[in-house]
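A short worksheet on the structure shown next.
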Amino acid sequence: MDFGLTEEQELLQDTLRSFVAGESPVSKLREICDSESGYDPKVWEDLLELGIGGLIVPEEYGGVEMEILDLALVSEILGEGSVPVPFLGHSMAVAAILYAGSEEQKQKWLPVLASGEMLGSIAYAESTDEGEIWEASQATTQLSDGKLNGTKRFVPHGQFADLVVVSVSGGGLAVVEIASAGAKLEPADSLDRSRPLSSIVFEGTPAQELPNADAAVVARIRDIGLVLLAADSFGAAWQLTRMTIEYAKERKQFGTPLAQFQGVKHQISNMATDLDPTRALWWYAAHALDHIADESEKNCALAKAHITERSMEVARSAFELHGGIGYTWECDLQYWFKRAMFNRVFLGTPSEHRARYADLAGW
Amino acid sequence: MDFGLTEEQELLQDTLRSFVAGESPVSKLREICDSESGYDPKVWEDLLELGIGGLIVPEEYGGVEMEILDLALVSEILGEGSVPVPFLGHSMAVAAILYAGSEEQKQKWLPVLASGEMLGSIAYAESTDEGEIWEASQATTQLSDGKLNGTKRFVPHGQFADLVVVSVSGGGLAVVEIASAGAKLEPADSLDRSRPLSSIVFEGTPAQELPNADAAVVARIRDIGLVLLAADSFGAAWQLTRMTIEYAKERKQFGTPLAQFQGVKHQISNMATDLDPTRALWWYAAHALDHIADESEKNCALAKAHITERSMEVARSAFELHGGIGYTWECDLQYWFKRAMFNRVFLGTPSEHRARYADLAGW
Amino acid sequence: MDLKLGKEHEAFREEVIEFLKGWPLSGEETKLPQVEQDQIFRNQAIEKGYVYRDIPTKYGGSEQPHDVIKDTIIQDEFRKVGAPGNIFSIGAAMVAPTLLECAREELCDRFVESAIRGEVNWCQGYSEPNAGSDLASLQTRAELDGDEWVINGQKAWTSMAAEADYMFGLFRTEPDAPKHKGISYLLIDMKAPGITIRPVKQINGGLEFNEVFFDNVRTPVGMMVSERGKGWQVSRATLKHERNLIGDPNMLRNTYLALVELAKKTIRNGRPAIQDPRVRDRLAEIEGYVTTQEYSGLRQLSAAAKGEELKVMLPMMMNKLYSTDTAMMLTRLSQDIIGGDGLIAPNDAETAMAREVQHTPGRWVYEYTAAIAHSIAGGASNIQRNIIGERALGLPRDLRLE
Amino acid sequence: MDLKLGKEHEAFREEVIEFLKGWPLSGEETKLPQVEQDQIFRNQAIEKGYVYRDIPTKYGGSEQPHDVIKDTIIQDEFRKVGAPGNIFSIGAAMVAPTLLECAREELCDRFVESAIRGEVNWCQGYSEPNAGSDLASLQTRAELDGDEWVINGQKAWTSMAAEADYMFGLFRTEPDAPKHKGISYLLIDMKAPGITIRPVKQINGGLEFNEVFFDNVRTPVGMMVSERGKGWQVSRATLKHERNLIGDPNMLRNTYLALVELAKKTIRNGRPAIQDPRVRDRLAEIEGYVTTQEYSGLRQLSAAAKGEELKVMLPMMMNKLYSTDTAMMLTRLSQDIIGGDGLIAPNDAETAMAREVQHTPGRWVYEYTAAIAHSIAGGASNIQRNIIGERALGLPRDLRLE
């Protein structure tokens with residue numbers, strides 16, 4: 001038994017971390033975000049070369065056949081760097097086709113998604129009469145005769161995607177190649193500019209159903225999203241903590257470094273204590289998706305709810321300790337704060353996942 | 001307009017505060033509580049002489065005809081001193097007879113309650129199939145043909161009471177003179193030993209209905225209880241804060257007074273900030289009972305929920321800052337901590353009153 | 001305790017209500033630009049003694065005896081009908097009272113009236129990049145050259161700098177004096193050569209603050225308020241007014257009411273969010289804080305009216321920290337209610353801090369991020385905790401290296 | 001990451017399960033007193049190498065190679081069937097390993113075996129009334145008189161002092177040395193003349209702690225562990241073991257499961273409390289903390305098994321603070337569920353900390369007040385925050401007057 005990372009996994013993270021430090025430093029992040037594109041194609045291409053596009057895709061479909069835990073480990077590093085690449089939507093689209101697609105569909109799309117020739121994303125959210133929905137089982141978008149009708153919101157990096165996996169009425173999934181006629185795409189002004197969002201209106205848009213999208217598979221795809229969000233928030237919140245530590249050590253007030261005031265020191269210790277142990281929570285959730293089917297749904301709900309919530313508290317403390325400077329656009333804190341806000345809300349709020357957890361626990 | 005106390009009210013509090021300091025110091029409190037009686041008849045008699053027994057009773061019935069705000073101001077001081085006297089139950093019993101009693105009943109009981117010849121209390125709580133109940137409207141105790149049948153719990157100072165106001169099925173109130181045959185009284189091992197509790201089993205116990213106990217009157221009587229609990233908790237929590245301040249100034253660690261560690265100082269500031277402004281909340285709730293009928297029910301619910309909850313957090317910080325010593329029976333903290341625990345639960349938990357508040361707000 | 005107004009005050013309220021029937025204007029006047037309509041009505045109100053009550057008549061005020069209750073009645077009733085009363089500008093709320101308290105008559109003559117009328121706009125120059133909560137560390141210098149001060153350095157967190165005609169601020173004039181004692185209070189023409197203004201964009205897109213750079217900016221010696229080295233004392237007078245501005249409990253109440261509306265209007269899981277027991281519980285919990293803050297404010301006001309500020313020093317010192325925490329709790333719940341809409345940035349209207357803030361999800365994203373900023377404006381929370389601990393609760397001061 | 005046990009360990013688990021079929025004992029042996037039955041079985045377990053694995057055979061251990069996974073398997077399986085394994089006493093958990101690490105062989109020979117067998121009971125003498133978290137300030141003195149140390153002073157917070165045969169503790173032997181360096185680690189016979197034990201009643205009625213007074217109490221020079229002035233170092237070895245004891249994640253999980261049961265069984269407002277959305281929300285929130293603590297513990301265990309403690313220093317340092325806060329949250333919810341029953345004091349059974357804690361409301365009153373105490377045992381929370389900040393996060397040390 002080993003509750004820890006393998007040497008390969010540690011190497012993967014180290015490699016990525018160095019890559020991000022070199023190729024996606026905050027100066028570049030700022031540039032990308034100010035341009036409002038929220039997408040660094042060069043960095044994404046380099047990441048694709050490292051195999052990020054098809055990390056969990058079997059070798060026969062052109063992937064590197066790693067585990068969901070590996071995917072989550074990548075997500076942590078991307079969160080840590082607030083890297084502006086379409087990893088989240090792409091990974092979920094890949095998972096959808098991998099687990100829910102027919103053999104033919106897999107052969108058609110997995111290799112081009114793995115290589116990055118096509119960029120994938122997912123379209124789950126809708127505004128319905130029942131309120132906002134994220135769960136595929138509640139989708140109202142209609143698929144009939146191979147045509148899609150309905151409106152989706154919050155499609156990550158939707159404006160750059162070639163292929164979008166769409167949840168449809170009845171709880172299934174469908175794939176749209178976005179070049180198809182009849183999909184009206186509207187970029188939104190996203191708060192987290194490292195992961196811009198679009199709305200898509202489907203009006204008779206040609207789409208293919210994914211035939212194996214039964215409830216368990218659809219849940220699994222969502223759960224992968226949840227654990228990626230949790231890992232991303234963990235990375236982002238640690239980055240906020242580190243930035244706060246650095247700032248508190250350097251910045252002086254009344255002739256003393258901030259970090260030497262016990263009040264400040266204790267706040268920083270509380271931030272780290274709230275956060276650091278949760279590493280084991282998302283590791284376990286990801287591992288459960290790989291190996292312990294019974295445990296995965298509950299643990300993914302818990303990891304998403306707990307970690308994305310705690311990360312916001314970490315962010316709040318980071319701001320308090322930075323004082324006014326943290327509130328400015330010029331301060332780097334904002335990128336990670338907004339990243340954490342995105343992670344907290346995307347695919348449903350913590351309180352929704354806690355309610356789901358309670359049901360899953362059989363209470 | 002004057003949102004503040006009158007000179008008379010300030011004088012009342014000052015007088016009581018000096019009296020408590022002189023006649024009910026913590027050494028005596030400890031003695032009373034260790035004896036498990038939880039009742040200091042000498043102090044109670046002296047308080048009766050100050051008019052505490054019939055503070056809100058009109059002069060024609062032998063009272064001093066003051067307001068509910070005055071009653072609450074007394075409650076604050078008794079909480080501050082954790083004074084072991086039957087003020088809570090007695091005051092609620094007086095209010096019940098005053099507002100819900102017939103002229104004859106008022107003439108019979110108010111003078112002897114005001115003078116203290118008779119000690120009053122209230123019996124509201126029951127364990128029912130629906131769970132624990134405090135609201136009179138949910139009572140299952142039966143009153144028919146002037147006989148009472150049922151079991152009540154948590155009657156404050158019940159073992160010393162001469163007269164108990166009992167909530168009965170249908171939402172009304174009845175009065176039992178406890179010397180009557182058929183009331184089996186069982187003292188409980190109360191956590192807060194300054195306000196011991198009893199269970200009472202009524203088996204055909206003679207009782208008189210209070211004829212004017214309509215829903216509004218019954219609510220008013222409960223609301224008086226709520227505001228007394230809030231004020232008591234406020235007093236108790238300030239006492240805990242003061243004790244913590246004193247301790248932190250005196251106690252040294254690493255050669256420095258605890259209070260000089262910024263971490264400690266900030267915790268103490270947070271305690272006081274959580275607590276002190278709420279003084280205006282219970283003042284207002286009490287004042288509303290006296291003068292602004294529309295506002296009273298909501299504000300009493302809010303004051304009870306908010307202040308008794310915050311007081312527990314104050315207590316928690318007091319313990320953390322005292323370290324191990326605070327956890328011992330010998331440390332005085334325990335009396336105020338248990339007082340606060342009592343106030344938080346008696347007449348219903350904060351979350352119950354928040355739910356009631358939400359209903360009252362018309363949400 | 002008597003929350004009823006006395007007969008005199010009830011009569012006063014009736015009088016105010018009667019007067020306010022004249023708003024909005026009618027007839028030909030309605031064709032005038034809104035600003036002019038406002039000014040016409042405001043002048044009538046000054047004549048009645050309802051506006052600028054603590055400003056001498058010679059400066060365009062109505063010079064009324066101090067009466068906090070009347071102030072409150074006027075404020076309430078004016079707000080109800082949206083009538084133009086006191087201008088809420090930095091100049092009217094902070095500069096005018098400070099000058100009246102500390103400056104020579106000449107400066108009052110020159111600046112008070114235009115400030116309260118909003119004809120001349122002011123901005124504040126206290127904070128610097130390396131002196132946020134610690135004003136004693138200010139570095140921007142003013143050196144005497146003949147009958148002018150020559151200023152070099154930089155101010156930060158200056159609101160409305162671009163719109164301002166003048167700045168009031170603290171500058172180091174006595175480099176050799178101990179920290180506090182080397183600072184003076186100067187007024188500066190914002191059109192003077194050498195001033196550069198750079199807006200600072202906030203993380204929620206707002207543009208409330210600026211940096212102001214000084215490169216040999218000159219201001220006459222007569223523009224000093226009080227004396228050399230007394231800037232610290234003057235600033236405390238101003239700061240008092242700023243703190244009052246920030247601790248406004250109505251702001252919190254309004255935000256809370258808007259949150260309740262949001263919970264009523266937003267459908268989640270097939271029903272209004274406000275029907276969710278968890279939302280109800282949290283709303284009621286927040287109501288406990290908001291109401292506390294409100295009544296505590298009323299108590300402070302009453303005490304002030306009686307000149308008994310000392311009795312309410314403790315809650316007064318806590319206002320800032322208390323409302324900061326409450327605002328955080330409140331806007332945090334808003335994020336749970338708006339859900340996915342929290343993924344979208346506030347738009348220009350939402351970031352413009354308009355009088356009528358939009359009831360949009362974006363407004364709540366703006367408020368949430370602003371709540372985080374609240375822990376900063378007017379002194380960081382840890383400084384507040386120190387002040388409460390040391391000045392109000394009598395705890396010893398921090399250990400210092402100095 | 002591989003949470004499956006390898007083949008070797010799976011086989012080992014089978015072996016343990018097979019062995020445990022021998023528990024409870026059968027036949028004639030069941031007529032023996034429980035203590036003897038326990039000892040018979042424990043001896044068999046020692047022979048198999050399942051118990052006292054890190055204790056040399058010469059002291060009655062089974063002297064097995066270090067293998068945390070096997071330790072965990074044994075602990076799990078023994079717990080499942082309630083079989084007697086390692087004795088969880090201060091002597092077995094703290095004294096034995098400390099002696100083995102720091103003491104001369106003579107002392108090991110004398111004390112280790114009886115400690116692990118629970119034949120000789122130990123208590124700890126660290127804290128003093130004026131030295132809680134700050135052990136360097138210890139004042140209880142030991143002065144050399146011939147070949148004996150003569151001890152005067154007082155210890156506080158000593159668990160099980162009345163039941164103990166010996167105390168291990170820290171005493172000031174070098175009054176002129178700097179604070180840390182003047183302390184030595186001594187063993188004392190609790191039956192020695194001059195010792196007075198006074199139980200300290202807790203606020204929840206429990207009697208876990210004692211004060212121990214020393215009036216010219218004598219202990220031979222040979223009872224010193226390590227050398228004069230090295231007590232501080234020895235105590236860190238012991239403390240390490242104590243911290244492990246306190247940070248036990250299973251304790252938290254068990255309490256949590258009991259809380260869920262409480263919420264299922266308790267009827268409130270006509271339905272089980274667990275059906276209340278607010279209770280569900282809070283339970284799920286607490287589950288987030290409990291699970292985190294549990295998996296984080298597993299991670300720390302794995303790292304320790306590989307000798308990679310350095311990788312998990314950070315979460316290890318946080319265990320105490322984390323579980324303290326979680327216990328607080330958890331027991332706070334219990335008070336909302338039990339409602340009015342929280343007005344009643346815990347009874348003797350509930351305060352006795354029996355192995356099978358009663359599932360009564362009083363148990364939760366006991367736990368709630370105990371949760372408050374948790375912020376104290378093993379170092380106050382603020383000290384923990386300092387340790388995390390300074391040792392783990394690299395923040396500068398506090399300013400000190402010294």
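Quick note on labels: first sequence line is chain A, next is B, and so on, each numbered from 1. Keep in mind it's a predicted model, so treat the numbers as computed, not measured.
Between A:Phe319 and A:Tyr327, the distance separating the two ring centers is not shorter than 6.0 angstrom. Ring centroids of A:Phe154 and A:Phe346 are separated by 6.0 Å or more, keeping the two rings apart.
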Evaluation steps, side chain to side chain donor-acceptor pair (under 3.5 Å), between A:Ser269 and A:Lys265 | CA-CA 6 Å; A:Ser269 296; A:Lys265 192 192 301 184; over 6 Å; no
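With a 4.5 angstrom heavy-atom cutoff, C:Asp276 does not touch chain A via any of its atoms. For A:Asp129, the part lying near chain C is the backbone, with the side chain staying farther off; criterion is any non-hydrogen pair under 4.5 Å. Of the two parts of A:Ile133, neither the backbone nor the side chain holds a non-hydrogen atom closer than 4.5 Å to a non-hydrogen atom of chain C. Residue A:Arg195: no heavy atom, backbone or side chain, is found under 4.5 Å from chain C. Heavy atoms closer than 4.5 Å to chain C are found nowhere in A:Tyr335, neither backbone nor side chain. Looking at A:Glu126, neither its backbone nor its side chain comes within 4.5 Å of chain C, counting heavy atoms on both sides. With a 4.5 Å cut-off on non-hydrogen atoms, A:Gln138 does not touch chain C at all.
Salt-bridge check for C:Arg268 with A:Glu130: failed, with every basic side-chain N at 4.0 Å or more from each acidic carboxylate O. Here A:Asp223 does not pair with A:Lys304 in a salt bridge; the nearest charged N to carboxylate O distance is not below 4.0 Å. By the 4.0 Å N-to-carboxylate-O rule, C:Glu128 lies too far from C:Arg141 to be salt-bridged with it.
The candidate from A:Arg193, A:Met312, A:Arg344 with the greatest count of non-hydrogen atom pairs under 4.5 Å with chain C is A:Arg344. Put simply, of C:Gly340, C:Pro346, C:Gly342, the one with the most heavy-atom pairs under 4.5 Å next to chain A is C:Gly340.
A donor atom on one side chain and an acceptor atom on the other are found under 3.5 Å apart for A:Asp34 and A:Trp329.
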